[in-house]
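Residue numbers begin at 1 in each chain, while the letters A, B, ... track the order of the sequences. Worth knowing before you read on, the calculation uses all heavy atoms, side chains too, and leaves out hydrogens, waters and symmetry mates.
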Amino acid sequence: MLSVEILKGDFFRRKTTAVAQELLGKFLVRKTKMQELACMITEVEAYDGFADKASHAHRGKTMRNEVMFGPPGYWYIYLVYGMHQMLNIVTGEEGYPAAILIRAVEGMSGPGRVTKLLAIDHSLNKKPAERASGLWIEDRGVVIPKHAIEKTPRIGVAYAGPEWSQKPYRFVLKVKRGN
DNA sequence: GGAGTGATGACA
DNA sequence: GTCATCACTCCA
């Protein structure tokens, strides 16, 4: 069996777009009272820095987004449209507001469905991505070739204007892995 | 194509 | 305090 490695803070303490691409093929693991569920990450989006108009951090630090300004490797979870939880992992150095939205995992498309399936809610906000918090990311040795990563503009951020909404900060795994 | 939903941030 | 907005999903 291949070694399984839990991703730590150092993995996330790098350029946001680089981390985003490498998250494809990693496994999101959710442990609840009932079960442990692991799903391969297939789609992410990067939100990178103060200048990114599509990022919550663009208007400065607030109570909601303060975790994006904190150290990497923490979850940023919030409610949008009154009913959907979004799951993000904080990246970059402490003080630099950046995060990666996990939009989809294997067998599940749409960010709101990921959190629903994995029973992720606001109580995990600001928690570190490690085994103890019940939600973490593992490297299970799946290697994603570069040509299998598709870069596209982000979704639902038209309000950020053409410059930022068209940036290729969305990364999609387009080829299913062969078993 | 359009409604639902409620926390959040801007403004007063 | 009020009001508009929103990193979405569902149903028609």
Distance, rounded to the nearest Å, where A:M86 contributes CE and B:dG6 contributes C1': 14 Å
Check whether A:K127 reaches the backbone of A:S123 with its side chain - one donor and one acceptor, N or O, closer than 3.5 Å. yes
Look at all strands and tell whether A:R103 reaches a base, only sugar-phosphate, or nothing, counting heavy atoms closer than 4.0 Å. sugar-phosphate
Can you check the A:R64 CZ to B:dG6 P distance for me, whole Å? 16 Å
Are A:I137 and A:L101 connected in a single hydrophobic cluster, I mean Ile/Leu/Val/Met/Phe/Trp/Tyr linked by side-chain heavy atoms less than 4.5 Å apart? no
Checking all strands, does A:M83 fall into the base, sugar-phosphate, or nothing category for heavy-atom contacts under 4.0 angstrom? base
Applying a strict under-4.5 Å side-chain criterion to I, L, V, M, F, W and Y, I'd like to know whether A:L117 and A:L124 cluster together. yes
Just one of A:I41, A:V44, A:N88, A:L87 clears the side-chain contact (heavy atoms from CB on, under 4.5 Å) bar with A:I100, so which one? A:V44
Which residue, A:G82 or A:M63, contacts DNA chain B at a nucleotide closer to its 5' end, judged by nearest heavy atom? A:G82
In which ranges does DNA chain C form stems of 3 or more consecutive Watson-Crick or G-U pairs, distances under 3.5 Å? B:1-4 with C:8-11, B:6-11 with C:1-6
In short, A:A46 meets A:T17 closest at the heavy-atom pair CB-CG2, 4.2 Å
Could you verify whether a donor N or O on one side chain and an acceptor N or O on the other, from A:Y96 and A:D48, lie under 3.5 Å apart? yes
Checking ring-ring contact (aromatic ring centres under 6.0 Å, His included) against A:H56, which of A:F50, A:Y47, A:Y78 comes through? A:Y78
For A:W136 and A:E138, what are the C-alpha separation, side-chain angles and deciding distance, and is it a side-chain hydrogen bond (donor to acceptor under 3.5 Å, both in side chains)? CA-CA 7 Å; A:W136 67 95; A:E138 285 179 1; 3.0 Å; yes
Could you give the OH-to-C1' distance, from A:Y78 to B:dT5, as a whole number of Å? 15 Å
Is it possible for you to check whether A:R14 lies under 6.0 Å from the centre of the six-membered ring of A:F11, through NZ or CZ, and within 45° of that ring's axis? yes
Per nearest nucleotide of DNA chain B, the residue lying toward the 5' end, A:H122 or A:H84, is A:H84
Please identify the 5'-most and 3'-most nucleotides of DNA chain C with any atom under 4.0 angstrom from a heavy atom of chain A. C:dC6 to C:dC10
Figure out the CG/P separation between A:L79 and B:dT5, and round it to whole Å. 13 Å
Check the distance between B:dG9's P and A:H56's NE2 and give it to me in whole angstrom. 9 Å
